[in-house]
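Here's the structure we're looking at; comments come further down.
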Amino acid sequence: MGSEGPKTITIHVTGFKKFLGVSENPTEKIANNLKSYVEKRGLPSGLSLGSCTVLDTAGEGAKSHLYEVLESSVVSADKNTNGTVVWLHLGVNSGATKFAIERQAVNEAHFRCPDELGWQPQRLPIVVEDGAISKAKETSCSSESIFQLLKKKGFDVVQSDDAGRFVCNYVYYHSLRFAEQKGHKSLFVHVPLFSKIDEDTQMQFVASLMEAIAATC
């Protein structure tokens, strides 16, 4: 068994562009700057940062791009059969003052306003064949352990069972479903605006979050 080599974890990160009410999305800046940030900081052995992608803040109209990101991550992982892939999705909660680890997504699209491509579903199932809009999918990441590690590092973080019903929940549900099918993992984390928690602290948080994911996978 030793010939398999050490277990490796590759984390692929997504953020979102602007949307109604949020002209500058902190997750866009985090996703764009994360590679250079972790290069300077360094990552633990066995952990690597894969792709960093900024998604349109849209549901149905941006779904094909989301699946391109998910599929390409799996293709690269296939080259390393002992590797685990984790999709880490970052979204902003403009009313929040703390980071929130989202433990689940629900099969319901109910947008309070149109997304950036003009779609505004009302109480629609995200994946029809999955059944009722009350159906939930939970992350297979160790959310409690990740939460405890981040708390110990002094970050203002909570756990949440409600990722909303907007684009964040929509992307998370698709990602959890895809991860389940492929034997990998997905996690969604909401961050506040930079006016609530400054950019440097948020960059530190995301780097520490990656390390916590790797330590508990």
Fill in: side chain to side chain donor-acceptor pair (under 3.5 Å) involving T10 - partner list, sequence neighbours excluded
S48
Worksheet entry | For Y172, all residues meeting side chain to side chain donor-acceptor pair (under 3.5 Å), sequence neighbours excluded | none
Practice prompt. Determine which pairs satisfy ring-ring contact (aromatic ring centres under 6.0 Å, His included) with at least one residue from residues 196-217, sequence neighbours left out, and list them in order.
Written response: F99-F205, F155-F205
Worksheet item: Which residues satisfy the side-chain contact (heavy atoms from CB on, under 4.5 Å) test with A215, sequence neighbours excluded?
Response: L149
Practice prompt. Check the surroundings of atom CG in L20: do more than 12 heavy atoms from other residues, nucleotides or ligands lie under 6.0 Å from it?
Written response: no
Worksheet item: If you measure from CG on N107 to CG on N169, what distance do you get to the nearest 0.5 Å?
Response: 9.0 Å
Practice prompt. Would you check if the side chain of Q120 reaches a backbone N or O of R112 as a donor-acceptor pair within less than 3.5 Å?
Written response: yes
Discussion item. Donor-acceptor check, side chain of Q202 to backbone of I197, threshold 3.5 angstrom: yes or no?
Written reply: yes
Discussion item. For D156, is there an ion pair with K151 - N to carboxylate O distance below 4.0 angstrom?
Written reply: no
Practice prompt. Not counting sequence neighbours, list each pair that qualifies as a salt bridge (charged side-chain N to carboxylate O under 4.0 Å, His left out) and has a residue in residues 186-208.
Written response: K29-E199
Discussion item. Measuring only between side-chain heavy atoms, which start at C-beta, is H174 closer than 4.5 Å to V127?
Written reply: yes
Discussion item. Just to verify, what does E60 make a salt bridge (charged side-chain N to carboxylate O under 4.0 Å, His left out) with, not counting sequence neighbours?
Written reply: K63
Discussion item. Holding to side chain to side chain donor-acceptor pair (under 3.5 Å), I want the full list of residues that pass it with D56, two or more places apart in sequence or in another chain.
Written reply: K17
Worksheet item: Any side-chain heavy-atom pair from I101 and L150 closer than 4.5 angstrom?
Response: yes
Worksheet item: Which pairs with one or both residues in residues 208-217 pass side-chain hydrogen bond (donor to acceptor under 3.5 Å, both in side chains), sequence neighbours excluded?
Response: R41-S208, R41-E211, K153-E211
Worksheet item: Under the salt bridge (charged side-chain N to carboxylate O under 4.0 Å, His left out) rule, what pairs show up with a residue in residues 115-125, not counting sequence neighbours?
Response: K18-E116, E108-R123
Practice prompt. Treat each ILVMFWY residue as a node, draw an edge where side-chain heavy atoms are under 4.5 Å apart, and state whether V69 and V54 are in one component.
Written response: no
Worksheet item: Heavy atoms, side chains only, cut-off 4.5 Å: are F166 and C113 in contact?
Response: yes
Worksheet item: Taking only residues two or more places apart in sequence or in another chain, which ones pass side chain to side chain donor-acceptor pair (under 3.5 Å) with Q148?
Response: E144
Worksheet, complete the sentence: Value for CG (L209) from CG (L88), rounded to nearest 0.5 Å, stands at 5.0 Å
Worksheet item: With sequence neighbours left out, what residues match F178 under ring pair (Phe, Tyr, Trp, His ring centres under 6.0 Å)?
Response: Y67, W87
Discussion item. If the condition is salt bridge (charged side-chain N to carboxylate O under 4.0 Å, His left out), which residues does K137 pass it with, not counting sequence neighbours?
Written reply: E180
Fill in: Residue that, paired with S160, satisfies side-chain hydrogen bond (donor to acceptor under 3.5 Å, both in side chains) out of R103, Q104, E102
E102
Item to complete: Establish, yes or no, whether the cationic atom of R165 lies under 6.0 Å from the six-membered ring centre of F111 and within 45° of the ring axis.
Response: no
